[in-house]
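Just so you know, these numbers come straight off a predicted model, no measurement behind them. One-based numbering along the sequence shown.
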Amino acid sequence: MANEALKKGGEVASEVSGETRGFDFEGMRFGVKAWRASASDAREGDVSAVPIVLAHGFAQQASTWDDAVRLLAGAGAECFGFELAGHGAGACSAGGDPAERSDFFDLRFQARALLAFCRIVARDAGVAPVLVGYSMGGRVALQAACLAADDLRDGGDLDRTALRSSAAFAPCDRTDRLDVTGVGQRDTAATSAGDAVRMPAAVPFSALVLESAGLGPADDAAREALRERNFAWAARVRDEGVSAFMDWWAGLPLFESQRNLDDDQRERLRAGRLANDAESLALSFERAGAHVMSSQGESIRTLCELAAKGIPVSYLAGELDAKYCKVASTLQAKSQGAISCRVVPAAGHNIHFEQPEAFGAILEEVVESCTPEPAAP
């Protein structure tokens, strides 16, 4: 990886451009940040054919990926940060009081939107992207995988030959939106060359990477305990406000390793957390918390089915994050090694922020494993 492409703080480094756009799905506008290296900065012979879609964690925005993405985009990967409902550029897109548009926060709704966005990326690139989800974003990505697996069981297609659309990600300003017309169609019209193509309807991603993500409740008792906890947290953020709640949130044992970050990094984390409103955070707990996930058994079954179909699944945990190291160990054992589970040294819960170079190197490996071999001359 190119260390010179990594810069702490400030704007995106000059080698890699980042722009924020909008993505409309069934009345909700999701923010999307796109990063790519310029033609002169992408290293010759090192340009990836497989794009990357990244879903952030609770109370974050797409900018949380900046450090890791500078490395990936500098190596030629086109990356897209998908912002969850009530977060980032899409924080106010529902219009009016978030509580009046609470359906947009539902886990399944956000998972369907993420799948639709992956189809748009696949349509433009001609190959399905690598899907990455961190913490809450991992929860949404995992729910998306469960929906895709349901489609497969119902006879969905794994064909990833996608309709190319040169305009889908053309340069645009902040007011432009991506067109999702027809993204749910399995059969598409012929291309201009007359070749029939198919959208990757069932599984619109080439690989799945879960970073510090839960796998769902183990049983009904665990589900009820999670529900009670999440509703208590929702009440707390409504009562205390974002600033006081985030002071408490940052002090949770889960984030202990982040106390060793430098002042600039900690300030960036705090600024990102404060750039949210209390009602959106509360609804994220209530409508997209771990208590509404598929069960742990169903999640593991889904991941194993995807791996058996040739879709690589990776799970990442930081070695300083005891809670999710245990999740990784459980997944490794119950999947009987079908899922690649890796513990990243010197990292806590937020691997991509605490150890961006190590995280970027892992994603490069995943992308390379999914990149089609060039056609023989």
Side-chain angles (χ1 to χ4, degrees), residues 1-20 31-37 41-43 46-48 50-58 60-84 87-88 121 129-138 141 205 207-213 255 257-258 261-262 264-266 268-269 271-272 314-321 324 340 342-370:
M1 305 300 296
N3 291 336
E4 65 272 16
L6 179 62
K7 183 183 75 172
K8 293 181 180 178
E11 298 299 318
V12 176
S14 60
E15 298 95 332
V16 177
S17 64
E19 56 181 331
T20 302
V32 174
K33 187 171 184 178
W35 301 264
R36 61 170 59 83
D41 290 319
R43 299 195 297 276
D46 200 23
V47 177
S48 166
V50 180
I52 304 172
V53 173
L54 307 111
H56 61 77
F58 173 76
Q60 295 185 335
Q61 300 80 32
S63 59
T64 185
W65 303 105
D66 278 348
D67 288 348
V69 163
R70 288 187 187 104
L71 303 175
L72 291 161
E78 194 167 25
C79 303
F80 302 95
F82 184 88
E83 293 185 324
L84 303 177
H87 293 72
V121 174
V130 170
L131 176 58
V132 182
Y134 160 66
S135 197
M136 179 181 173
F205 48 86
L208 176 65
V209 179
L210 300 176
E211 175 194 354
S212 308
F255 304 115
S257 63
Q258 294 176 4
L261 297 173
D262 62 38
D264 174 69
Q265 290 174 302
R266 288 199 304 274
R268 287 163 60 198
L269 278 174
S314 301
Y315 188 94
L316 310 180
E319 72 168 345
L320 304 178
D321 182 357
Y324 287 90
S340 172
R342 304 175 67 163
V343 173
V344 180
H349 187 61
N350 193 333
I351 301 166
H352 66 268
F353 192 87
E354 298 175 42
Q355 296 295 334
E357 292 187 56
F359 180 83
I362 292 170
L363 280 198
E364 263 202 316
E365 292 177 15
V366 174
V367 167
E368 288 172 3
S369 73
C370 298

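- The two residues Ser212 and Asp321 have their closest heavy-atom pair at OG-OD2, 4.2 Å.
- Checked by atom type and distance alone, the side chain of Gln61 pairs as donor or acceptor with a backbone atom of Gly272 at under 3.5 Å.
- Judged by distance alone, the side chain of Gln355 and the main-chain N or O of Val344 form no donor-acceptor pair under 3.5 Å.
- Residues Phe359 and Leu316 meet the side-chain proximity criterion, which asks for heavy atoms closer than 4.5 Å.
- Counting heavy atoms from C-beta outward, Ile362 and Ser314 have side chains that stay 4.5 Å or more apart.
- Note that CZ of Arg268 and CG of Asp264 are 5.5 Å apart. Values are rounded to the nearest 0.5 Å.
- At a threshold of 4.5 Å between non-hydrogen side-chain atoms, the residues Leu261 and Leu269 count as touching.
- A 4.5 Å side-chain heavy-atom check between His87 and Gln60 finds every atom pair outside the cut-off.
- Of all the heavy atoms in Phe353 and Thr64, the pair that sits closest is CD1-O, 4.1 Å.
- Ser257 and Gly348 make their closest contact through OG-CA, 3.2 Å (heavy atoms, listed as atom of the first residue, atom of the second, distance).
- Side-chain contact between Leu72 and Glu364 is present, with at least one heavy-atom pair separated by less than 4.5 Å.
- The two residues Leu320 and Ala346 make their nearest non-hydrogen contact at CD1-C, 4.0 Å.
- Two residues are said to be in side-chain contact when any heavy atoms from C-beta on lie closer than 4.5 Å; His349 and Tyr134 meet this criterion.
- Closest approach of Gly57 to Ser135, counting heavy atoms only: CA-CB, 4.4 Å.
- Rounding to the nearest 0.5 Å places CD of Glu354 at 9.5 Å from CZ of Phe255.
- Aromatic ring centres of His56 and Trp65: separated by at least 6.0 Å.
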Walk me through it: do Glu357 and Asp67 pass the test side-chain contact (heavy atoms from CB on, under 4.5 Å)?
CA-CA 8 Å; Glu357 292 187 56; Asp67 288 348; over 6 Å; no

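- Counting heavy atoms from C-beta outward, Arg342 and Glu365 have side chains that approach closer than 4.5 Å.
- In this structure the side chain of Cys79 reaches within 4.5 angstrom of the side chain of Leu54, judged on heavy atoms.
- Between Val130 and Cys370, the shortest heavy-atom contact is CG2-SG, 4.3 Å.
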Start with the C-alpha distance between Lys33 and Asp66, add both sets of side-chain angles, then the distance that settles side-chain contact (heavy atoms from CB on, under 4.5 Å), and finish with yes or no.
CA-CA 10 Å; Lys33 187 171 184 178; Asp66 278 348; 3.1 Å; yes

